[in-house]
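Scroll down for the structure; my scribbles are underneath it.
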Amino acid sequence: IAGPPRVSKYGVDLAALEEVGVEALDRAVAGGELVVIDEIGKMELFSPAFRESVRGTVEGGHRVLGTVMQASHPFADAIKAHPRVRLLTLSRATYPQVLQEVVGWLR
């Protein structure tokens with residue numbers, strides 16, 4: 001039986017993602033200095049519109065603060081390898097250092 005894309009036990013509502021998430025991302029690009037994307041993950045990557053919006057944001061020269069899945073995925077890997085992207089690994093141990101670096105970057 002065909003149904004929505006699934007990640008584990010969760011179905012992905014692509015229409016809602018595109019109506020709410022992609023539209024919000026596009027508005028942020030049009031009107032802000034900083035675009036926050038939480039998150040570029042397995043569920044979100046089922047949406048071609050979301051992928052294109054993220055790609056356009058990163059390649060468009062906007063300042064982006066985002067989270068991206070650690071697991072390998074062709075799109076996520078391309079974003080992580082983009083020359084404008086700086087990866088920081090957040091954990092309990094690295095939290096103070098990452099916080100300091102992000103706050104400095106935002107200033």
Side-chain angles (χ1 to χ4, degrees):
I1 297 174
R6 299 193 73 74
V7 175
S8 186
K9 64 182 180 178
Y10 301 100
V12 180
D13 186 343
L14 291 176
L17 171 62
E18 292 170 1
E19 287 174 24
V20 177
V22 173
E23 184 177 321
L25 183 53
D26 293 343
R27 273 196 325 269
V29 166
E33 292 181 29
L34 173 68
V35 177
V36 178
I37 305 172
D38 182 36
E39 75 186 89
I40 303 168
K42 206 179 266 190
M43 286 184 163
E44 295 78 14
L45 294 180
F46 278 111
S47 166
F50 178 80
R51 290 193 310 266
E52 286 309 307
S53 189
V54 168
R55 184 186 335 272
T57 302
V58 171
E59 292 177 355
H62 302 283
R63 288 175 27 142
V64 179
L65 176 62
T67 60
V68 64
M69 61 190 284
Q70 244 182 341
S72 184
H73 179 284
F75 183 85
D77 294 346
I79 292 297
K80 292 185 276 190
H82 193 281
R84 295 194 66 240
V85 170
R86 166 112 165 79
L87 289 177
L88 303 171
T89 301
L90 184 61
S91 68
R92 290 182 195 268
T94 64
Y95 178 82
Q97 175 188 355
V98 169
L99 177 61
Q100 185 178 17
E101 187 164 343
V102 169
V103 168
W105 177 73
L106 291 172
R107 289 188 180 148

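Proximity of a side-chain donor or acceptor of H82 to a complementary backbone N or O of R84 within less than 3.5 Å is detected. Side chain of R6 to main chain of K9: a donor-acceptor pair is present (N/O by atom type, distance under 3.5 Å, no hydrogens or angles). At least one donor-acceptor pair under 3.5 Å links the side chain of E44 to the backbone N or O of G41.
A pairwise comparison of heavy atoms in V98 and T89 identifies CG2-O, 3.7 Å as the closest pair. Taking both residues in full, the closest heavy atoms of F50 and E39 are given as CZ-O, 3.7 Å, listed atom of the first, atom of the second, then distance. Between V68 and K80 the shortest heavy-atom distance is CG1-CG, 3.7 Å. Considering all non-hydrogen atoms of both residues, A76 and M69 come closest at CB-CG, 3.8 Å.
Two different hydrophobic clusters hold V102 and V35 under the rule that ILVMFWY side chains link at heavy-atom gaps under 4.5 Å. Hydrophobic clustering, with ILVMFWY side chains joined whenever heavy atoms are under 4.5 angstrom apart, groups L65 together with L90. Clustering ILVMFWY residues whenever any of their side-chain heavy atoms sit less than 4.5 angstrom apart, transitively, puts L87 in a cluster other than the one holding Y95. A continuous path of ILVMFWY side-chain contacts below 4.5 Å connects I40 to V85, so both sit in one hydrophobic cluster. No chain of hydrophobic side-chain contacts below 4.5 Å, direct or via other Ile, Leu, Val, Met, Phe, Trp or Tyr residues, connects V20 to V29.
Applying the salt bridge (Lys or Arg N to Asp or Glu O under 4.0 Å) definition to pairs two or more places apart or across chains, those involving residues 17-37 are E23-R27.
Rounded to the nearest 0.5 angstrom, L14 CG and M43 CE are separated by 10.5 Å. Taken to the nearest 0.5 Å, the CD1 atom of I37 stands 7.0 Å off from the OG atom of S53.
Not counting sequence neighbours, the partners of S91 by the side chain to side chain contact (heavy atoms under 4.5 Å, CB included) test are A93, T94. By the salt bridge (charged side-chain N to carboxylate O under 4.0 Å, His left out) test, E59 pairs with no residue at all, sequence neighbours left out.
Between K42 and V12 there is no side-chain heavy-atom pair separated by less than 4.5 Å. Residues Q97 and Q100 are not in side-chain contact: their nearest non-hydrogen atoms beyond the backbone lie 4.5 Å or more apart.
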